[in-house]
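To keep things clear, I will list the structure first and then write my remarks on it.
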Amino acid sequence: MTPSHASSRSAVDEYFSQLSQGLRGVPPSEADDFLRELRAHVDERLHAAGSGADPAEILRQLGSPKVLAASYRVEMAASLAARSRSPLQLLGSLLRWARLSAGGVVIFGVVATGYVIATSLFLAALMKPFRPGAGLWLIDEDTVSLRISPDSSHPGIVGARELLGWWIIPIGLVAGTAVVFATGALGRYGAALAGRPRWIRRRTLEQ
Amino acid sequence: MDTAAGRDSVLEKWAIQLRKGSLDLAVLASLRDGPMYGLEILRRLAETAGLVVPEGTVYPLLSRLKSEGWVESSWLETGTGPARKYYRLTPAGRRHVAGMTQAWGEFAAGMERLLAPIGTSDR
C-alpha cells in the first residue's frame with residue numbers, strides 16, 4: 001500500500017467513525033445497515049476512480065458526517081419516535097419531527113405536557129418529607145394546586161385545605177409512573193400512525 | 001440585498017427547496033422500472049432528470065421511504081466489489097408513485113398555464 005493510499009484509508013475510516021458517533025442512540029441494526037450502505041457507496045466510488053481516486057473529494061460530495069447523521073435522524077424522526085424506549089429519546093425524535101410537520105408539533109406538545117405533569121407528581125411526592133407544604137392543595141372552591149417546593153417557613157396556605165396529606169407520596173409516585181407510561185405509549189402511537197402513511201392514506205390510486 | 005449576486009443566491013435557495021420537495025417523487029419514480037441501489041439512483045437522477053443532489057441526501061431519504069412502507073430493500077453480493085443495497089417499490093409504493101405522478105401532472109399543467117404569459121410579456 002502506498003503512503004497516499006494509507007492516508008486515504010484513514011480519511012475514510014475517520015469519516016465513518018464520525019458518522020457512527022453521530023448515529024448513537026439509533027437502534028444498532030439500523031445504524032449498521034446505514035453505515036454499511038454508505039461504506040459500499042464510498043468503496044464503489046473509489047473503485048470506479050481507480051488509482052487516481054481522491055477519497056477526500058468523494059467524501060466531500062457525500063456531505064459532512066455530522067450533517068449526514070443529522071439528516072438521517074430528521075428523515076427517520078417519526079419512525080424512531082415510534083420505537084423509542086426512553087422519554088428523552090422520544091422527546092428528541094418528536095422535537096426533530098416537529099420541525100417538519102404540524103402533526104409532529106401536536107404530538108410533541110402532548111408528550112411534553114405529559115412529562116411535565118409526571119415530573120410534578122414525582123417532585124411533590126419526593127419533596128413531601130422535607131417540605132410539609134408540598135402536596136395537593138384545594139386553594140378555594142375550584143382551584144386545585146399541586147405544590148412542589150413551597151416556602152418552608154410557611155408550610156400551609158391560608159384558607160386552603162390539603163387534599164391528600166401524606167398519601168401524596170404513594171399516590172404521586174404511582175400516578176407519576178402511570179402518566180409516564182401513558183404519555184410514552186401515546187407519543188409512540190401517534191408517531192407510528194403519522195409516520196406510516198399507508199395506514200391512514202389508503203386511497204385507490206391504481207391507474 | 002438587491003444585487004445580482006443577492007438575487008442569484010435567493011433564487012438558488014428557492015431552487016433547492018423546489019428540488020427537495022420533489023425528491024421523494026423523483027427517487028420513487030426512478031424505481032418504477034426495477035430495483036436499484038443508491039449510487040444507481042443518483043446517476044439516474046443526474047442523467048435523466050438533470051437533478052444533481054448532494055449525494056448524502058438520498059440515503060437518509062431512502063431509509064425514510066422504507067420506514068413508510070413505499071420501498072423495501074435487500075443486500076445483493078456483486079462478486080467483485082462490495083455488496084449493494086437494492087431498493088424496490090412495494091405494491092403500496094407503486095400506487096403511491098402513480099398518485100404522486102398524477103398530482104404532479106395536474107400541478108405542473110396549472111403552473112404552466114399561469115406562467116406561460118409571463119414568458120412573453122415580462123421579459
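Reminder, nothing fancy here: chain letters follow the sequence lines and each chain counts from 1.
Only the side chain of P82(B) comes within contact range of chain A, judged by heavy atoms closer than 4.5 Å. Of the atoms belonging to R73(A), not a single heavy atom falls under 4.5 Å from chain B. For L42(B), the part lying under 4.5 angstrom from a heavy atom of chain A is the side chain only.
A salt bridge does not link K66(B) with E30(A): every distance from a Lys NZ or Arg NE/NH1/NH2 to an Asp or Glu carboxylate oxygen is 4.0 Å or more.
Side-chain contact check for F34(A) versus Y59(B): some heavy-atom pair is nearer than 4.5 Å.
Side-chain contact, R83(A) with S93(A): no donor N or O sits under 3.5 Å from an acceptor N or O.
Heavy-atom contacts from other residues, nucleotides or ligands closer than 6.0 Å to CH2 of W167(A) number 12 or fewer.
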